[in-house]
> 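Structure in structure tokens, see below.
By convention in this document, chain letters (A, B, ...) are assigned in the order of the sequence lines, proteins followed by strands, and residues within each chain are numbered from 1. Just so it is clear, the model here is predicted, and its values are computed rather than measured.
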There are 2 protein chains.
Amino acid sequence: MVVSHPLARLLTDGVLPAQCPSRAVLDHVTSKWGVLVLVALSEGSLRWGELRRVVDGISEKMLAQTLRVLVADGFVARDARPTIPPRVDYALTERGRELTARLLPLMDWITANAEAIVSERARS
Amino acid sequence: MVVSHPLARLLTDGVLPAQCPSRAVLDHVTSKWGVLVLVALSEGSLRWGELRRVVDGISEKMLAQTLRVLVADGFVARDARPTIPPRVDYALTERGRELTARLLPLMDWITANAEAIVSERARS
DNA sequence: CGCCGTACCCACTTTCAGGTAAGTTACTGA
DNA sequence: TCAGTAACTTACCTGAAAGTGGGTACGGCG
């Protein structure tokens with residue numbers, strides 16, 4: 001089952017040497033809320049308040065923090081209109097779309113199999 | 001850019017209702033070390049000590065804990081030979097292989113783009 | 001006899017992600 | 001005049017995640 005894969009090189013030196021930049025990006029993407037925000041935006045742009053409602057359970061602080069990281073990484077674009085009350089739209093960038101293209105199949109599989117996995121789970 | 005996707009249904013009710021089982025599985029898979037262990041095993045089975053070396057920076061405690069979760073979720077199979085000194089091999093199960101099949105393209109993309117992302121990053 | 005190697009477990013401590021709740025801005029409509 | 005709204009920020013606190021350092025079993029080897 002050894003698949004020749006571009007990742008193979010990384011494996012020979014250990015899986016992603018600890019201080020490699022991909023570890024940082026990986027942490028952002030796989031952060032508790034990062035994935036969910038990216039998935040939420042995968043269908044189109046959303047306003048702050050919409051994101052807050054759609055991403056069930058996220059606090060305002062965490063939404064702000066998560067968005068700051070995703071914007072800084074260039075996955076999400078922030079579009080603020082200086083109206084009153086303020087209106088801010090968030091949308092995936094091209095880079096964000098490349099990412100979510102790889103993220104969605106994973107999320108699909110997880111949501112499809114989660115119930116089976118949890119119910120079959122060997123008691124600790 | 002609205003792609004008709006099996007995930008669409010989930011999005012209408014919010015992204016993965018907070019107490020949905022997929023949130024739990026998602027947390028396991030996207031845990032700090034979970035991804036790395038899965039990727040490490042994607043090329044073939046490894047012994048405890050090999051995993052420890054390959055997954056750069058993981059502590060023994062975290063390796064044990066991560067493996068327990070992945071085994072309980074049915075992603076990884078544990079094969080202990082009662083020899084002295086002990087020998088334990090870890091390998092992906094069929095379910096684990098289905099998962100990593102979706103995980104590897106993501107990891108590939110991240111490792112390929114991480115450097116650009118980190119260096120272009122807007123100063124906080 | 002006593003130390004090595006392998007694969008762990010356990011108790012303790014630290015760190016930090018994340019939660020809670022309040023404050024802020026600037027206008028609008030009642 | 002005063003509550004309401006949208007999108008935040010800030011300070012504070014807690015609980016879970018992760019690190020540290022020890023212990024364990026079992027036999028082989030010098």
> Spell out protein contact along nucleotides 12-30 of chain D as letters: B when the base is contacted, S when just the sugar-phosphate is, - when no protein heavy atom is under 4.0 Å; keep the 5' to 3' order.
B-----BBB-----BS---
> Any pair with a residue in residues 84-95 of chain A that passes salt bridge (charged side-chain N to carboxylate O under 4.0 Å, His left out), sequence neighbours left out, goes on the list, sorted by first then second residue, please.
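Checked against salt bridge (charged side-chain N to carboxylate O under 4.0 Å, His left out) - neighbours excluded - the pairs reaching residues 84-95 of chain A are A:Arg81-A:Asp89, A:Arg87-A:Asp89, A:Glu94-A:Arg97, A:Arg95-B:Glu120.
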> Give a yes/no on whether any side-chain N or O of A:Tyr90 is located under 4.0 angstrom from OP1 or OP2 of D:dA6.
no
> Classify A:Arg52 by what it touches in the nucleic acid, base, sugar-phosphate, or nothing, heavy-atom distance under 4.0 Å.
nothing
> Could you tell me whether the phosphate oxygens of D:dT9, OP1 or OP2, come under 4.0 Å of any side-chain nitrogen or oxygen in A:Arg68?
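It does, given that an N or O in the side chain of A:Arg68 lies less than 4.0 Å from OP1 or OP2 of D:dT9.
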> Ignoring backbone atoms, test whether A:Arg81 places a side-chain nitrogen or oxygen under 4.0 Å from the OP1 or OP2 oxygen of D:dA7.
no
> Who passes salt bridge (Lys or Arg N to Asp or Glu O under 4.0 Å) against A:Glu98, sequence neighbours left out?
none
> With A:Ala80, which residues qualify under side chain to side chain contact (heavy atoms under 4.5 Å, CB included), at least two apart?
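Partners of A:Ala80 under the side chain to side chain contact (heavy atoms under 4.5 Å, CB included) test: A:Arg78, A:Val88.
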> Output the rounded distance in Å from CG (B:Leu46) to C1' (C:dA7).
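Going from B:Leu46 (CG) to C:dA7 (C1'), I get 15 Å.
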> Check whether any side-chain heavy atom of B:Leu51 sits under 4.5 Å from a side-chain heavy atom of B:Leu67, and report yes or no.
yes
> Could you note down all residue pairs passing side-chain hydrogen bond (donor to acceptor under 3.5 Å, both in side chains) where residues 18-27 of chain B supplies at least one of them, sequence neighbours left out?
none
> D:dA6, OP1 or OP2 - any side-chain N/O from A:Arg47 closer than 4.0 Å?
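Answer is no, no contact under 4.0 Å.
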> Write down the distance between CG (B:Asp89) and C1' (C:dC8), rounded to a whole number of angstrom.
15 Å
> Could you give the CG-to-C1' distance, from A:Leu63 to C:dT20, as a whole number of Å?
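Going from CG in A:Leu63 over to C1' in C:dT20 covers 16 Å.
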> With sequence neighbours left out, write down each residue that passes salt bridge (Lys or Arg N to Asp or Glu O under 4.0 Å) with B:Arg102, or none if nothing qualifies.
none
